[in-house]
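Notes to accompany the following structure.
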Amino acid sequence: MSIVVTGATGHLGRLVVRALLAADVPADGIAAVVRNKEKAADLVALGVEPRVADYSRPETLKDAFRSGDRVLLISGSEVGQRVAQHTAVIDAAKAAGVAQLAYTGVLGGPEADFDLAAEHKVTEQAILDSGLPFTFLRNGWYHENYTENLAPVLEHGAVVSSAGDGRVASAARADYAAAAAAVLTGEGHLNQAYELSGDTAWSFEEYAAELSRQTGRTIVHNNVPAETHRSILVGAGLPEPFAAILVNVDAAIERGLLAGTSGDLARLTGRPTTPLADAVAQALKG
């Protein structure tokens, strides 16, 4: 039996593997499902077992899992293709007889009504239909969604959104990774759903104020109409479909759908979630 992390060379996957190692899981008890073995060289050097497979090529997934494995299915990044990709993983996991299938979905689960949630809801239902023992990790927003690309914010002195006074209960990517490691190594998590989010919800006005405090510069929040926001994002080089998704997310934020602070994330990790100010400080360090 191994603990298997899919998408292990992605930002979240790498952090999950390292969280497992930090939790004293032996490296040879961890398997990393990757599309490119060369990109997993750092994980292999740690003693982690590579298993090469691709969500989009179901035939490659038949050897990705073993009977009794505990598996983390990290959701794919290709919007519009994820239902087919996730279904292929679920089918392979069921055929192998895994002991647990944990899945990184989105805050709100079946109640989330914004566009980005649609494929997550279908995936959760497919896992339920499979009959596999499951754990739903309904991740909220990552601090890094905002802090990883501060250059245009600092250049223009403005945080731009169409979320109004909406609030975001984000947490660090590492917090979510630690929660995933906890449910993969602990007991009592089978057939459970966790609503994961930061301990504190913040507004974009507060985010701009925090950036101002840490940079010593005046950073404002420009709240703009949705169509203007979409045009700004497209003008910055984002593909039209992705820009539309981000604007739709801001509409969900305005309606309070990403502001929930259930406390599940802190309870799973056994510590408070990372404050937004810490993530800002880390990003400004470069």
Side-chain angles (χ1 to χ4, degrees), residues 11-12 75-83 86 104-124 138-173 176 195-198 200-213 215 217-262 276-277 279-280 283:
H11 292 305
L12 180 61
S75 58
S77 60
E78 298 170 277
V79 177
Q81 300 182 46
R82 293 190 288 187
V83 170
H86 296 168
T104 61
V106 72
L107 195 66
E111 304 305 317
D113 64 356
F114 47 100
D115 293 347
L116 196 61
E119 291 174 302
H120 291 298
K121 292 193 286 187
V122 174
T123 299
E124 282 196 6
R138 293 171 177 163
N139 289 354
W141 240 222
Y142 301 155
H143 292 328
E144 291 87 348
N145 290 349
Y146 301 101
T147 63
E148 278 185 342
N149 187 25
L150 286 178
V153 173
L154 300 179
E155 178 184 354
H156 298 289
V159 173
V160 178
S161 85
S162 50
D165 295 327
R167 305 182 76 82
V168 182
S170 61
R173 192 178 279 120
Y176 295 104
E195 300 289 336
L196 304 181
S197 59
T200 303
W202 49 266
S203 70
F204 286 94
E205 289 283 347
E206 291 167 345
Y207 176 46
E210 182 61 32
L211 288 170
S212 298
R213 185 185 72 81
T215 62
R217 300 166 55 181
T218 299
I219 309 292
V220 300
H221 171 221
N222 287 340
N223 186 65
V224 299
E227 184 56 33
T228 301
H229 191 196
R230 186 199 62 77
S231 297
I232 290 170
L233 293 173
V234 172
L238 291 186
E240 178 88 35
F242 188 51
I245 285 172
L246 294 181
V247 172
N248 183 261
V249 167
D250 269 20
I253 291 171
E254 187 171 31
R255 290 182 285 122
L257 298 186
L258 291 173
T261 53
S262 71
L276 176 64
V280 169

Next item on the list: Could you pull out the closest heavy-atom pair between Arg213 and Ala277, with the gap in Å?
Entry: NH2-CB, 4.4 Å

Checklist line | Side chains of Phe204 and Val168 in contact at under 4.5 Å (non-hydrogen atoms) | finding: yes

Item checked: Least distance between heavy atoms, Tyr176 atom then Ser197 atom -> OH-CA, 3.8 Å

Check: Which value, rounded to the nearest 0.5 Å, describes the distance between Gln81 atom CD and His86 atom NE2?
Finding: 10.5 Å

Next item on the list: Identify which one of Asn223, Val153, Asn222, Leu150 satisfies the side-chain contact (heavy atoms from CB on, under 4.5 Å) criterion when paired with Val159.
Entry: Val153

Checklist line | salt bridge (Lys or Arg N to Asp or Glu O under 4.0 Å) between Lys121 and Glu124, worked out | finding: CA-CA 5 Å; Lys121 292 193 286 187; Glu124 282 196 6; over 6 Å; no

Next item on the list: Could you tell me whether the side chain of Pro110 reaches within less than 4.5 Å of the side chain of Arg138, counting heavy atoms only?
Entry: yes

Next item on the list: Provide the closest heavy-atom pair for Ala201 versus Glu206 in the form atom of the first, atom of the second, distance.
Entry: O-OE1, 4.2 Å

Margin query: Could you report the tightest heavy-atom contact between Ala169 and Gly260, atom names first, then the distance?
Written below: CB-O, 3.4 Å

Check: Is any side-chain heavy atom of Arg255 closer than 4.5 Å to a side-chain heavy atom of Asp113?
Finding: yes

Next item on the list: Specify the closest pair of heavy atoms between Glu195 and Gly109, including all atoms of both residues, with the distance to one decimal.
Entry: OE2-N, 4.2 Å

Check: Within a reach of under 6.0 Å around NE2 of His11, are more than 12 heavy atoms found that belong to other residues, nucleotides or ligands?
Finding: no

Checklist line | Least distance between heavy atoms, Ser161 atom then His221 atom | finding: OG-NE2, 2.7 Å

Check: So do the side chains of Leu257 and Val249 get within less than 4.5 Å of each other, counting heavy atoms only?
Finding: no

Margin query: Quick check: do Phe242 and Leu233 have side-chain heavy atoms less than 4.5 Å from each other?
Written below: no

Note to self: Rounded to the nearest 0.5 Å, what separates atom CG in Leu211 from atom CZ in Arg217?
What the structure shows: 10.0 Å

Margin query: Run the salt bridge (Lys or Arg N to Asp or Glu O under 4.0 Å) test on Glu148 and Arg173 for me, step by step, so that the C-alpha distance in whole Å, both residues' side-chain angles and the decisive distance to 0.1 Å come before the verdict.
Written below: CA-CA 11 Å; Glu148 278 185 342; Arg173 192 178 279 120; 2.9 Å; yes

Next item on the list: Nearest 0.5 Å please: distance from the CZ atom of Arg82 over to the OG atom of Ser75.
Entry: 5.5 Å

Notebook entry, point to check: Tell me, do Leu276 and Tyr146 make a side-chain contact under 4.5 Å, heavy atoms counted?
Noted result: no

Check: So how far is it from Trp202 CH2 to Glu210 CD, rounded to the nearest 0.5 Å?
Finding: 11.0 Å

Next item on the list: Hey, could you give me the CD1/CG distance between Ile253 and Asn248, rounded to the nearest 0.5 Å?
Entry: 10.5 Å

Notebook entry, point to check: How long is the gap from OH on Tyr207 to CD1 on Ile219, to the nearest 0.5 Å?
Noted result: 9.5 Å

